Amino acid sequence: GKETASVSIAFKGEGENEAPVVKAKVAATDKLQALTPFRLESIAYDDGAPNGTLSYKWETLSAPEGGEITFDSDKKPYTEANCSRVGRYKVRLSVSDGELTGISTLDLTIKAADGKTAPVISEASAVQDGVNTSVAQLTGKAEADQTYHNELKYEWKIIGQPEGGN
């Protein structure tokens, strides 16, 4: 589905512009596994000065050797992140009002992803042709690994047949 975010900004009146107050967080900490996307969210408060708009920037400050984080969007108040390796990562969210910037950092400990699992076959059937009984229509359905979402390839093999069958 399409996700939206709304921001209400009201100017407090006269005075000096203050930097946005920012808090970054992980939506569900139990999902912090390598190769498994998880959601990062933010809360930002601002005084509305100078022009009532905020810009967002997610970035990686540190990662384990050979590790990286990818963000589906690094310029929104929320993002789906994915870490390539197990280990400790540090992420920074910067929110700017055009003049001043507020910053929040997150320390993430990424665990090993669940092991790969074999596809689960949910349906397999053979329907013999009513006219040509030497022909059967084979159908099957399976579900891929829930962590890695691998593409499935289907293959049928004859494991037994009547004597003289082809």
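All values reported here derive from a predicted model rather than from experimental measurement.
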Only pairs under 3.5 Å count here: list side-chain donor-acceptor contacts from residues 102-112, not counting sequence neighbours, and write none if there are none.
| from | atom 1 | to | atom 2 | distance (Å) |
| --- | --- | --- | --- | --- |
| S104 | OG | A24 | N | 3.0 |
| D107 | OD1 | K90 | NZ | 3.4 |
| T109 | OG1 | R88 | NH1 | 3.0 |

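Counted within 6.0 Å of CD on E123, heavy atoms from surrounding residues, nucleotides or ligands total more than 12; the atom is thus considered enclosed. Counting heavy-atom neighbours within 6.0 Å of I121 CD1, excluding the residue itself, gives a total of 12 or less.
At a threshold of 4.5 Å between non-hydrogen side-chain atoms, the residues D74 and Y56 do not count as touching. Side-chain contact between L54 and P20 is present, with at least one heavy-atom pair separated by less than 4.5 Å. Using a 4.5 Å heavy-atom cutoff, the side chains of T101 and V95 are not in contact. Under the 4.5 Å side-chain criterion, counting only non-hydrogen atoms from C-beta, I69 is in contact with V91.
Applying the salt bridge (charged side-chain N to carboxylate O under 4.0 Å, His left out) definition to pairs two or more places apart or across chains, those involving residues 91-104 are E59-R92.
Under a 4.5 Å side-chain heavy-atom cut-off, the cluster of Ile, Leu, Val, Met, Phe, Trp and Tyr residues that includes V21 is completed by I43, Y45.
Taking the side-chain contact (heavy atoms from CB on, under 4.5 Å) definition, one finds that A27 meets it with R39, E41, sequence neighbours left out. Taking the salt bridge (charged side-chain N to carboxylate O under 4.0 Å, His left out) definition, one finds that E65 meets it with nothing, sequence neighbours left out. In this structure, D72 has no salt bridge (charged side-chain N to carboxylate O under 4.0 Å, His left out) partners at least two apart in sequence or on a different chain.
Remark: the backbone N or O of G66 is paired with a side-chain donor or acceptor of R85 at under 3.5 angstrom. Looking at W58, its side chain does come within 3.5 Å of a backbone N or O of K76 through a donor-acceptor pair. Side chain of T79 to main chain of S73: a donor-acceptor pair is present (N/O by atom type, distance under 3.5 Å, no hydrogens or angles). Counting only distance, with no hydrogens or angles, the side chain of Y154 and the backbone of A142 share a donor-acceptor pair below 3.5 Å.
Counting all heavy atoms, side chain and backbone alike, L152 lies closest to P119 at CD2-CG, 3.6 Å. When all heavy atoms are compared, the tightest approach of P77 to S42 is O-OG, 2.7 Å. Residues V131 and D129 share a closest heavy-atom pair of N-OD1, 2.8 Å.
Note that CG of L35 and SG of C83 are 9.0 Å apart. Values are rounded to the nearest 0.5 Å. Taking CD from E143 and OG from S122, the interatomic distance works out to 5.5 Å, rounded to the nearest 0.5 Å. Residue E18 holds its CD atom at 9.0 Å from CG of D46, rounded to the nearest 0.5 Å. Note that NZ of K57 and OG of S94 are 8.5 Å apart. Values are rounded to the nearest 0.5 Å. Annotation: the span from F38 atom CZ to E80 atom CD amounts to 9.0 Å, rounded to 0.5 Å.
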message: The test is side chain to side chain contact (heavy atoms under 4.5 Å, CB included); show your working for D47 and N17 and say whether it passes.
response: CA-CA 7 Å; D47 56 16; N17 181 22; 3.2 Å; yes
- request: Before giving the answer on side chain to side chain contact (heavy atoms under 4.5 Å, CB included), spell out for T36 and N82 the whole-Å C-alpha distance, their side-chain angles and the decisive distance to 0.1 Å.
  value: CA-CA 6 Å; T36 305; N82 198 336; 5.7 Å; no
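Here K157 pairs with E155 in a salt bridge; the nearest charged N to carboxylate O distance falls below 4.0 Å.
No continuous path of hydrophobic side-chain contacts links Y89 to V86 [ILVMFWY only; heavy atoms under 4.5 Å].
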